[in-house]
Amino acid sequence: MKFNVKDNCIEVSNGSKSIFVTIVTEDIINISDGIKSDFKQDKDKIKSNVKFEVLEKENSIKTNKFLIKVDNLVVDIYDLKNNPLCVNYQKDIVSKKIEASEAAKIVGHVVDEAAINNENMIKIKTSKDSLFFGLGDKPGFFNRRGYEYVNQNADVFDPHLENMKNIYKSVPFFIVKEPNFNYGIFFDNTYKSNFDFCYTSEEYYFFGAEKGSKDYYFIFGDGLKDVVSNYTLLTGRSPLPQLWTLGYQQSRWGYENENDVYKLVELFEYHKVPLEVVYLDIDYMEAYKSFTISKERFPNFKKLVSDLKAKGIKIVTIIDPGVKAEKGYYVYDEGIENNCFATIDGEVYENVVWPGDSVYPSYVSAKVRKWWGEKINFLLDLGVAGIWNDMNEPASFKGPLPDDVVFSGDDKQYLHEEVHNIYGHYMCEATYEGLLNYDGKRPFVLTRACFSGTQKYSTFWTGDNHSIWAHIQLAIPQQISLGLSGLAVVGTDIGGFGSNTTKELLCRWIQLGIFSPLCRNHAGNSTRLQEPYQFDQETIDIYKEMVELRYNLTPYLYNLLKEHEETGLPVIRPLLMHYENDKNTYNMNDQFLFGENMLVCPVVNQGDRNKRIYIPEGDWYDYFTKKKVPNGYSIYDAPLNTIPMFVKGGTIIPEYKNVLNLDNPEKIEELYLNCFGDSKCVHYQDNATDFKYQNNEYNLYEFTVKGNKLTTKMLHNGYKEYKSIKIK
Ligand code: MIG
C-alpha cells in the first residue's frame, strides 16, 4: 500500500487502485474513490490545518481524534483507543430481503433490487441499539431504523405515509446514534441513491448509488447537535430571513382573480386575524406561463400589490420551471435562442406540465441561472416580495424525463440521471441570486424540491399533504427530520393541502403551525375552503389567538434563526437533541422543542381534549399559567382552544406585544421579556431586511433578570436600540 500526501488529502494506492482520505476538519473525514463530479461539495473551501500522521506499516492514518485504517483500500474509522466507530461490514450478505421480495412480487409490488448485494453499496457495521435520523423529508417517524429509502426527487400525489421511500427532496445525509457515540454520513452523490437502515439486517446498514462516485463524509460530533453543526458547516446554513417572512401567510390554489384577493384581505381585516403575506398560485399567470400575468383576471396587478403593500401585506407568486413550448412567448423564444433548455438527441426536450407542452431550463448552467434570475425582475418590478418555486423535482405529467435527457452546463453536458436531484437546488440558486441582485434584500424563496445545501438559498415546505390527522401527526417528525438534515426554515401546509379539512383539524393545525418558521395555510383548488373564517366564531377566535401568539413570539423565533445561521441547529428539534441520555425521548414523535428551552406538545388526535405529555429533566413551567409541571409523563388538559407549551426555568422569552405586522421592523421599538424565574438570555436584533448585519450593524443584548430587576448589558452595539425593554 502506497501513501501519497498532498495537503490534507492522503491518496492510498495498492498499485492498481486508489482511495482518497481527506481530513476536512478534526471531526470530518472525506472518503472518496477519486471520481470527479462538478456537483460535489467543495471540501477545499474549508481551510483545515488539522495535524495527522501516516502510519505506513499499520496501513493507517492517525489524527488527534481518529485512527483511520485503510487495509485493502477499505476505510474503517476507529477512535484512538481502537474502538470501532464506522467500520465496514465484510461478511457475505445473506439477504432476507431477497426472500421477501419474491413474496412481494407475487402480490404485485415493484421491488427495487438494485441495492441488494450491490458492490456499490457501502455497508457499515452497527449495533442492535443504534438509531438513524435525517434524510430530509422522508415521511414517517424521525427514527429511521428498520426502513429503507431512495433518494430520487418525486412529485408524489398519494398521501405521504411511512411506507414511501422518496418524495420531493433528496438530502443524502443521515445521523447514526450508537449507544456511546454519534456520527453522520453525508453521501456526496447526486444520482439516485439507496439507504437501508437495518431493514435488511440488524448487523449493518448500507448506502450507495449504482452510478457516480463513492464519495462520503464521516461527520463526527460529541452530541447530535455537533453532528448537525458539522454537517451544515460543510453544506451551508440558512442566512437570516426578512422579518415579514415570519408573519402569517395565507395561500390557496384558487385565488383566481384580483377580486378574490381583495375579498380575502377584507375578510381577514373584518375578523381581525393578522395577515402578512398572500400567495398567488398558478392562476395569476396567463395560461400557466411563467413570468406572465393574466390580463383578464389580474388587469391591475401593480395596483393590487401596492394596495396590499399599503396595509403591510406582501404578495408572493408561484413560479414553475416548465416553460410553455410556444413560439412568440418571450421566455420560450429567449431560451431557445440562447440554448437554455434541456435536449434529447439534439432536439429541445418536451414533456407536459401545467402549460401543456413544456421545456426545461438547464439550471446547472450559470448562464441559464443568470437569465432566469433576471426574468424574475418582471415580477419584482411589480412589487412582488418573494418567489415560490414549485414542480422543480422536476415534475412531468407525461412520464418521467428519460435518464438521457441532456442538461447543458456552461461548458459541459450532463445527463438527467446525474442532475435530476439537484434540479430544484439550482433553480433556487438562480432565484436567490435574481432576488439578491434586484435590491440587496434577504431573498425569500420557497421551494418544494431540493438537495443538500439548498438551505443556503431557500425556505422549504413539505409539499402536498392532506387534511387528515395522519398528516398533522406527520408534521412533527417530518419537520424534525428536515431540521436534523440541515433544513431549518420549514413549514407544512396548515390545514392540509389535499382533501377536506375540518374545523377541529384546522384549529389543531394552527396550534402546531405557529411554531414552524414558515407559517402558511395552503390548500388545493378543489378542496373545502380553509381560511380561518370559513367555519365558526370559535374557530376564528382560536385561530386569531394563535396567530397573535406567533407574532408575540417573533423575536424569540428570530433569535433561533440567528442561532441556526451560526451553529446549524434547527428551530424545531427532537427532545433527544438536548436530552440524549433520556431514552424516553428517542422515539418521541408527538412533541418537540422550539429552540432548546420551549417545549411544544400539540394535540394531533381527533377528539382529544387532553394530551399525554412528557416533561424531561429540569424545572418546566406552563407557558400560559406559569405553573410548574411535573417531570415525566402526565395527562395534560388541552381543550380545543389550548396548545400545551412549556418553558424551562431560567429562560427569558423575548416577545413583542401588539405587533401584528412585521413590514416595518425599524418601527418596532418595544421588547417584552417573558421571564421564567430568575433568568438570562442573549438577544439579537438588526434591521431584519438586508445584509448590513454582516458589517456589524446589529445589537446583542444580554438580559439578566433577578426578582423583578432587569440588568442589560450590550455585548454588541451596532444598530438602533429598542426604546423600551420591559419585563412582561
Ligand atoms: O400539480 O400550483 O405542491 O402547493 O398549489 C400541482 C398548484 C401543482 C403543487 C404544489 C401546490 C400547488 C399546486 N402545485
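Note that ligands are numbered from 1 as they come in the structure, with each ligand's atoms numbered from 1 the same way.
Figure legend: cation-pi geometry between K503 and F535 absent, as NZ or CZ is not positioned both under 6.0 Å from the six-membered ring centre and within 45° of its axis.
Using a 4.0 Å cut-off between charged nitrogen and carboxylate oxygen, R369 and E429 count as a salt-bridge pair. Using a 4.0 Å cut-off between a side-chain N of Lys or Arg and a carboxylate O of Asp or Glu, K303 and E258 do not qualify as a salt bridge. A salt bridge links K309 to D663: one of the charged nitrogens lies within less than 4.0 Å of a carboxylate oxygen. One finds a salt bridge joining R520 and D493 here, because a Lys/Arg side-chain nitrogen approaches an Asp/Glu carboxylate oxygen to under 4.0 Å. Look at E256 and R297 and you find no salt bridge, because none of the NZ, NE, NH1 or NH2 atoms lies under 4.0 Å from a carboxylate O. One finds a salt bridge joining E334 and K375 here, because a Lys/Arg side-chain nitrogen approaches an Asp/Glu carboxylate oxygen to under 4.0 Å.
W372 pairs in a ring-ring contact (aromatic ring centres under 6.0 Å, His included) with only one of the listed residues (Y363, Y426, F378), which is Y363.
Using a 4.0 angstrom heavy-atom cutoff, Y288 does not count as in contact with ligand 1.
Within the 4.0 Å heavy-atom criterion, neither part of Y279 lies near ligand 1.
Heavy-atom contacts of W388 reach the following atoms of ligand 1: 4 (O) (cutoff under 4.0 Å). Of all atoms in ligand 1, listed by their number and element, those nearer than 4.0 Å to a heavy atom of W461 are 3 (O), 4 (O), 10 (C). Against a heavy-atom cut-off of under 4.0 Å, I318 is close to the following atoms of ligand 1: 2 (O). Under a 4.0 Å criterion applied to the non-hydrogen atoms of M391, ligand 1 contributes the atoms 1 (O), 8 (C).
The nearest heavy-atom contact from the protein to atom 4 (O) of ligand 1 is H522 NE2, 2.9 Å.
For ligand 1, the polar-atom distance check against W253 finds no nitrogen or oxygen pair separated by under 3.5 Å.
Between D464, D390, L280, it is D390 that holds the heavy atom closest to atom 14 (N) of ligand 1. One option in F157, F497, W354, Y168 has a heavy atom closer to atom 6 (C) of ligand 1 than any other, and that option is W354. Looking at V353, D281, D283, D320, it is D281 that brings a heavy atom closest to atom 5 (O) of ligand 1.
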